[in-house]
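Only one structure is covered here, and it is reproduced in the block below.
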Amino acid sequence: MKIVKLLADFLSDILQTALRALPFPVKTGLRKIGNPDRQSPVLLTCNFGLTVRRVMRALKGIDAYLLVANSRGINVWCAAAGGHFTTDDVVSVIKTSGINDLVEHRRLVLPQLSATGVERAVVEEKTGWRVVFGPVHAQDIPAYLDNHYKKTQGMRTVRFDLPQRLEMAIMWAFPISVIPLVPLLIWWRHLVLPFLAVVWAIGLAIFAGFFWIPGKVVRADSHQGGPGWTKYFIVFDPRAQKALLVWVLLIGALIAYGRLASDWHWTTLLGWGLASLAVVLLISLDLPRLGGEHAPVQERIASG
Amino acid sequence: MSYVFMRVLESAPRRYDLGIRLLSLGRISRVHQEMAERGTSEGSRALDIGCGTGSLAIACARRGVQVTGIDISPQMLDIARRKVEQAELANSITLLQMSAIELDERFEPQSFDTIMSSLTFSELSDDEQRFVLRQCHRLLRNDGRLIIADETVPPSWPKRLLHLVVRLPLVVLTYVLTQATTRAVAHLESKIADAGFEIEWVNASLLGDFTIIGAIKR
């Protein structure tokens with residue numbers, strides 16, 4: 001049974017990484033980790049499946065209680081910033097999970113990135129629990145607990161390391177490469193491999209090379225966009241042109257390949273140019289702005 | 001089935017009433033009427049949990065009931081207030097913006113003769129459903145009535161399978177439009193009984209995917 005669970009978790013991790021833009025809600029409420037007693041730490045996280053499994057893995061070997069609050073199946077940062085992980089959700093899980101009867105202390109550790117959506121003072125007033133914001137990343141929780149609930153600078157800092165950037169690349173490239181597969185397989189089967197290559201090359205190049213590609217990073221307080229319809233695409237933001245630069249380089253490489261190493265007609269080159277531009281625009285579509293929201297752009301780039 | 005689309009409607013409260021009437025083929029008005037007739041009497045005090053745009057509260061108030069409606073959405077309550085004023089029932093209906101999880105803080109025990117809830121439990125987690133039911137028990141007077149109408153998980157597996165087949169496309173479409181969905185309530189009857197109520201009557205749809213339950217506090 002343990003192997004089945006491990007396999008199920010592994011497959012869920014892959015699926016939910018590839019489709020990370022979609023919510024994957026899991027059951028809310030109380031989870032015991034190890035053999036917690038009345039003094040054990042109480043931590044809280046969102047109910048995005050991937051996050052819950054990662055937090056539980058990070059806490060392996062520690063006796064603790066984990067409260068899973070309703071974030072509509074969305075990860076902590078996106079849900080808190082987007083109004084889906086709120087003070088009410090935290091209050092609700094404290095009041096309805098039965099945690100009040102299980103521990104003697106009243107200290108609750110929330111993820112630091114939930115702070116944009118959760119009003120600590122209101123939670124404390126309504127529940128009598130003292131709220132502290134823990135580390136950004138789940139893997140820092142054991143060290144944080146060992147350090148008597150004190151965060152180091154590293155624990156406070158949002159890192160956008162290569163593994164996380166690759167996750168973002170997969171999150172973008174997978175759905176974009178899967179959705180057009182049906183018409184491609186039916187009508188243009190010979191274009192399937194080149195199409196997949198372009199989508200994944202652009203996605204991986206943008207995110208893997210995020211800090212090396214020239215171009216400024218969008219400020220977290222940015223609410224501005226370009227003129228007219230361009231404001232709906234992050235790529236046209238004058239401070240976030242990495243994706244456009246990658247596209248220009250890719251087109252240059254395509255033209256060089258088509259003219260020098262192969263015998264591509266200019267219409268073929270034009271077709272690939274337009275197709276890859278469509279991919280870049282899809283990747284950079286500013287969904288919240290399209291929906292009328294104006295959340296900070298950098299958060300969305302970094303967290304998906 | 002169409003209650004999945006509630007999420008689409010909730011994202012645009014102004015269209016909620018028209019949309020929910022169309023999607024339920026007029027059934028929701030009959031459901032509210034049935035709840036009001038079977039659960040309330042003139043001069044009684046009723047609580048409507050998750051009152052939304054106030055249709056159920058208005059149906060009860062028209063029977064001479066003093067209604068308190070609570071909802072977490074200020075947009076829904078704005079529309080409810082306008083409807084209450086248009087129906088000239090402002091003296092009979094009190095609307096409060098609050099979560100169902102705040103029921104333990106805001107009302108004294110035995111404050112109501114009837115507690116009703118329409119299409120709200122499907123938005124709560126299992127723990128929250130049980131908490132709210134315990135609060136309903138606390139807030140009702142002895143022999144007071146609880147009436148809950150909601151989307152429910154069908155009782156037998158063939159019905160569940162059929163329900164899933166019909167529901168899945170709607171879930172996907174609703175998700176694409178709103179990035180949210182509803183969750184049919186499982187074991188609603190036993191949860192109500194566990195909270196200390198005696199089930200009085202059950203009115204379920206043919207497929208068992210929509211149920212109205214009447215219970216009494218003993």
* Structure fact -> When every non-hydrogen atom of A:S92 is compared with those of B:I101, the smallest separation belongs to OG-CG1, 3.6 Å
* To do: Check A:S97 against B:D127 and note the closest heavy-atom contact, atom names and distance.
  => CA-OD2, 4.0 Å
* Structure fact -> Rounded to the nearest 0.5 Å, the OG1 atom of A:T86 sits from the CD1 atom of B:I72 at a distance of 6.5 Å
* **Within residues 81-103 of chain A or reaching into it, pairs that qualify as salt bridge (charged side-chain N to carboxylate O under 4.0 Å, His left out) - sequence neighbours excluded** => A:R72-A:D89, A:K95-B:D104, A:K95-B:E105
* Asked: Tell me, which pairs form a salt bridge (charged side-chain N to carboxylate O under 4.0 Å, His left out) where one or both residues lie in residues 73-83 of chain A, sequence neighbours left out?
  -> none
* Structure fact -> Among residues 191-200 of chain B, those lying within the under-4.5 Å heavy-atom range of chain A are none
* Give me the contact list for residues 132-142 of chain B versus chain A, heavy atoms only, anything under 4.5 Å, ordered by residue number. => none
* Within 6.0 Å of NE2 in A:H105, more than 12 heavy atoms from elsewhere -> yes
* Check whether more than 12 heavy atoms from other residues, nucleotides or ligands sit under 6.0 Å from atom CD of A:E104, and answer yes or no. => yes
